Number of protein chains: 2
Amino acid sequence: MLLLSAARALVDDIDSGVRASGFTDLRPAHGFAFVRLSGTGATTTELAEHLEITKQAASQMADELIRKGYVERRPHPTDARARLLVLTEKGQACTRAADAAAARTLEPLAASLTPDQKATLRTALTRLATPGRIRPIW
Amino acid sequence: MLLLSAARALVDDIDSGVRASGFTDLRPAHGFAFVRLSGTGATTTELAEHLEITKQAASQMADELIRKGYVERRPHPTDARARLLVLTEKGQACTRAADAAAARTLEPLAASLTPDQKATLRTALTRLATPGRIRPIW
DNA sequence: CTATATGGTCAACCTGCTTGACTAAATTGG
DNA sequence: CCAATTTAGTCAAGCAGGTTGACCATATAG
C-alpha cells in the first residue's frame, strides 16, 4: 500500500510540477513516452513496445505530441519504412521540468537519509522492480 | 524510476496472482475498489471519491462487480436514498487471494532485511505517500 | 415546512485504446 | 537475383471506461 501510494504521489508531484512550468497540455502518460524518446529517439514501434500499447495507439499519441510541438518525425537513417520520433527543444525543456519536479519532491527525503539508508532503499526497490516497466496498466 | 517500476511490478504480481486463483474477470482497477469496500462497505458516492472518478462511473463499475458476483447492494441502514455496496463471500475470497499474492512477492524482500532496514523503508515510503491515494490517474 | 443539499440514475457523448485489413520497404533463402 | 516472408506504419471501425448534464427521491437546515 505504502509503495503504491508513494508512487502515485511522485507521479502527481511531477505532473503538477510540469503543469506549473507551463506545459498544461500534457498528462503523466506523455511523460512515459518522453522517457523513451529522450536521447536518440525511437520509432513508432519501439515507442509502442515501451508503453505496451499497440503501434496504432502509439502513432496516434505521436501525432498528438507533434501537433503540440513536443516531438518531430525525422526520416530514419537506415530504414526507409521507419521514421524516427525525437523530442523538440520544447520536449526537452519539458523533460527537464519533470526531472526538476521529481528532484524537488525527493530531495527532502534524500537529505534525511544516511548513505547506508539510501542504499537500502535503492536495493529494496531494485529487487522488486522489473527494468523498463514503468507505466502501470489497468 | 525505481519507485514507479517497483509499484508496477507489485501490481502486476497481484494481478497475475489473482488471475491464477481463478478470478480471471477482474482488472487491477477493481482491486482498488475492493480496498474501499472491504470491511463495512461503502456507498456509491464514497466509492467514487475513493477512486477519484464520478459517481456515475463508480455506479457502473459497481453494476459490473455485482453482475460478476463480487459485490452486492444492500439497503443503507440510516439513509433511504443510499445503498450500501458490500463484498460477497466471493469478493472476500478475491481480496484474500490478492493479499496472498502481495505477501508472496514481498516476502523474500522482507526476509532479507533487518528490522532497522524495514523501518527505514517504511518511513521513507510513508514520507512520500499521500494517505488514501492509491490509484494512479493518467 | 419550505428551501437547499445530497445519493443515485438515465442518457448522450468523448477519448484513448483495440482489432483487422492493408501498403511499402526490408530481409531471408534458394 | 528474385520470390516469399517479415517488419514499419497507416486507415478505418468499434469498444470500454470514463465524462458532463439533467433529473428524481430523500435528507437536512433555517
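Nothing here was measured: the structure is a model prediction, and the numbers come from that model. The figures that follow rest on heavy atoms only: side chains count, while hydrogens, waters and symmetry mates do not.
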Practice problem: From the options C:dC17, D:dT10, D:dT26, select the nucleotide whose nearest atom is closest to the side chain of A:Gln56. | Solution: D:dT10
Quiz item: Closer to the 5' end of DNA chain C via nearest nucleotide, is it A:Gln60 or A:Thr78?
Solution: A:Gln60
Practice problem: Give A:Ala57 one of three labels, base, sugar-phosphate or nothing, depending on what nucleic acid heavy atoms sit under 4.0 Å from its own. | Solution: base
Quiz item: If you check every side-chain atom of A:Arg81, which of C:dT9, C:dA25, D:dG9 has the closest atom?
Solution: C:dA25
Quiz item: Hey, are the side chains of B:Leu10 and B:Thr105 touching, using non-hydrogen atoms and a 4.5 Å cut-off?
Solution: yes
Quiz prompt | Phosphate OP1/OP2 of C:dG8 contacted by B:Thr45 side-chain N/O (<4.0 Å) | solution = yes
Quiz item: Looking at B:Arg8 and B:Asp12, does any basic side-chain N land under 4.0 Å from a carboxylate oxygen?
Solution: yes
Quiz item: Nearest to the side chain of A:Ala82 - D:dG9, D:dG17, C:dT9?
Solution: D:dG9
Quiz item: Over how many whole Å does the gap from A:Asp25 atom CG to C:dT15 atom P extend?
Solution: 15 Å
Quiz item: From C:dG7, D:dT19, C:dC17, pick the nucleotide closest to the side chain of A:Ile53?
Solution: C:dC17
Self-check item: Gap between atoms CD and C1', on A:Glu52 and C:dT18 respectively (whole Å)
Solution: 15 Å
Quiz item: In whole angstrom, what separates A:Arg27's CZ from C:dC14's C1'?
Solution: 13 Å
Quiz item: For B:Leu51 and D:dG18, what is the distance between atoms CG and P respectively, to the nearest whole Å?
Solution: 8 Å
Exercise. Grab the CG-P distance between A:Leu85 and D:dA8 for me, whole Å please.
Key: 13 Å
Quiz item: To the nearest angstrom, how far is A:Leu47 atom CG from C:dC17 atom P?
Solution: 11 Å
Exercise. Check whether any side-chain nitrogen or oxygen of A:Ser59 sits under 4.0 Å from OP1 or OP2 of D:dT10, and answer yes or no.
Key: yes
Quiz item: Taking the side chain of A:Asp79 as heavy atoms from C-beta outward, which of C:dG8, D:dA8, D:dT26 is closest to it?
Solution: D:dA8
Quiz prompt | Protein-nucleotide distance (B:His50, atom NE2; C:dG7, atom P), rounded to Å | solution = 17 Å
Exercise. Kindly point out which of D:dG17, C:dG8, D:dA8 is positioned nearest to the side chain of B:Arg83?
Key: C:dG8
Quiz item: Atom NZ of A:Lys55 and atom P of C:dG20: how far apart are they, to the nearest Å?
Solution: 14 Å
Practice problem: Could you tell me whether the side chain of A:Val11 reaches within less than 4.5 Å of the side chain of A:Pro28, counting heavy atoms only? | Solution: yes
Practice problem: From the options D:dT10, C:dG8, D:dG18, select the nucleotide whose nearest atom is closest to the side chain of B:Arg135. | Solution: D:dG18
Exercise. For the pair A:Glu49 and A:Arg36, find out whether any cationic side-chain nitrogen is under 4.0 Å from an anionic carboxylate oxygen.
Key: no
Practice problem: Identify which nucleotide among D:dT20, D:dG17, D:dT26 has an atom closest to any side-chain atom of B:Thr54, counting heavy atoms from C-beta outward. | Solution: D:dT20
Practice problem: Could you verify whether a donor N or O on one side chain and an acceptor N or O on the other, from B:Arg127 and A:Ser112, lie under 3.5 Å apart? | Solution: yes
